[in-house]
Amino acid sequence: VRALSGAGGGSRVSGGIVALVPVRSLASGKTRLSSVLSPDARESLMRHMVTGVIRAAFCSEAVTGVVVVSPDADVLELASSKPRVTPVYQPADTPGLLPGLDLGRSRAEAMHASGLLVLFGDLPLLEGSDIRHLVRRAMPVVIAPDRHGYGTNALLLRLSAIPAGERFAFQFGEG
């Protein structure tokens, strides 16, 4: 795990926007599709979607680095195989999305990022132009809701807009 903890080339960012991609697991993703896809097919789908999100982030030309946070060694191996991607291990004693986002934010802050763009790993239709459109907004926080208006597909947090000594609290889920 130490080799996958993010000491790679992705940690050179300074002043730009870092995309943060939290991924729980490749093998246990997309369980709602278990009635129509085998475990291997779901893992392949997750691998394809995570790779697509990373590709879209860099194709946008609005992102200077990508941080992938996961407790899953396979996810971290996938991330480490991509140039300019920093894998960050999420320890078992800090499970869940919110602690993962906090780990990713800490890494982005250590990289001196001016902004953090949370992109979930299962956005199969995400394109670079979507990210450029989101980043163009000159607000401290920009939220891209899902098509139903209940969930969040992406969140841009301009770290440089947060007053000193304050911390943005991530919150996802109902309400």
Legend entry - Any Val68 side-chain heavy atom under 4.5 Å of Val88 side chain: no
Inset, instruction - List the steps and the verdict of side chain to side chain contact (heavy atoms under 4.5 Å, CB included) for Val141 and Leu156. - result: CA-CA 6 Å; Val141 178; Leu156 172 64; over 6 Å; no
Legend entry - Thr64 (side chain) donor-acceptor with Ile17 (main chain) under 3.5 angstrom: yes
Inset, instruction - Please tell me if the side chains of Phe120 and Pro22 come closer than 4.5 Å, counting only heavy atoms from C-beta onward. - result: yes
Inset, instruction - List the atom of Leu134, the atom of Ala144, and the distance in Å for their closest heavy-atom pair. - result: CD1-CB, 4.0 Å
Legend entry - Shared hydrophobic cluster for Met139 and Val135 (ILVMFWY, side-chain gaps under 4.5 Å): yes
Inset, instruction - Please report the C-alpha distance between Phe168 and Leu116 in whole Å, then the side-chain angles of each, then the deciding distance to 0.1 Å, and finally whether the side chain to side chain contact (heavy atoms under 4.5 Å, CB included) criterion is met. - result: CA-CA 11 Å; Phe168 179 88; Leu116 182 68; over 6 Å; no
Inset, instruction - Examine distances only and state if a side-chain atom of Thr94 and a backbone atom of Pro91 form a donor-acceptor pair shorter than 3.5 Å. - result: yes
Legend entry - Ala113 to Leu159 - nearest heavy-atom pair and separation: O-CD1, 3.6 Å
Legend entry - Atom of Pro71, atom of Val23 and distance for their closest heavy-atom approach: CD-O, 3.8 Å
Inset, instruction - Using a strict cut-off of less than 4.0 Å between a Lys/Arg side-chain nitrogen and an Asp/Glu carboxylate oxygen, indicate whether Arg55 and Glu127 qualify as a salt bridge. - result: no
Inset, instruction - Rounded to the nearest 0.5 Å, what's the gap from CZ on Arg136 to CD1 on Ile131? Could you check? - result: 12.5 Å
Legend entry - Polar side-chain atom of Arg84 near backbone of Phe58 as donor-acceptor pair, under 3.5 Å: no
Inset, instruction - Indicate the atoms forming the closest heavy-atom contact of Ser106 with Arg167, along with that distance. - result: OG-NH2, 3.8 Å
Inset, instruction - Could you check if a side-chain atom of Ser60 sits within less than 4.5 angstrom of a side-chain atom of Val63, using non-hydrogen atoms only? - result: yes
Inset, instruction - Might you confirm whether atom CD of Glu109 has over 12 heavy atoms from other residues, nucleotides or ligands at distances under 6.0 Å? - result: yes
Legend entry - Short side-chain to backbone donor-acceptor contact, Ser80 and Leu76, under 3.5 Å: yes
Legend entry - Over 12 non-hydrogen atoms of neighbours within 6.0 angstrom of CZ in Arg137: no
Legend entry - Chi angles and distances behind the side chain to side chain contact (heavy atoms under 4.5 Å, CB included) call for Phe170, Leu157: CA-CA 10 Å; Phe170 293 107; Leu157 175 61; 4.2 Å; yes
Inset, instruction - May I ask you to test the Leu20-Leu119 pair for a side-chain heavy-atom distance under 4.5 Å? - result: no
Legend entry - Minimum side-chain heavy-atom gap Val67-Met111 below 4.5 Å: yes
Inset, instruction - Would you check if the side chain of Arg24 reaches a backbone N or O of Ser70 as a donor-acceptor pair within less than 3.5 Å? - result: no
Inset, instruction - Indicate the atoms forming the closest heavy-atom contact of Val66 with Ala57, along with that distance. - result: CG2-CB, 3.9 Å
Legend entry - Considering all heavy atoms, the nearest Leu123-Asn153 contact: CD1-O, 3.4 Å
Legend entry - Flag side-chain contact, heavy atom, 4.5 Å: Leu101 against Val118: yes
Inset, instruction - Check whether any side-chain N or O of Thr51 sits under 3.5 Å from a backbone N or O of His48 as a donor-acceptor pair, and report yes or no. - result: no
Legend entry - Sidechain-backbone polar pair: Glu43 side chain, Ser25 backbone, donor-acceptor under 3.5 Å: no
Inset, instruction - May I ask you to decide if Pro145's main-chain N or O and Thr152's side chain share a donor-acceptor pair within less than 3.5 Å? - result: no
Legend entry - Flag, side chain of Asp122 to backbone of Val50, donor-acceptor distance under 3.5 Å: no
Inset, instruction - Hey, could you give me the CE/CG distance between Met46 and Asp74, rounded to the nearest 0.5 Å? - result: 11.5 Å
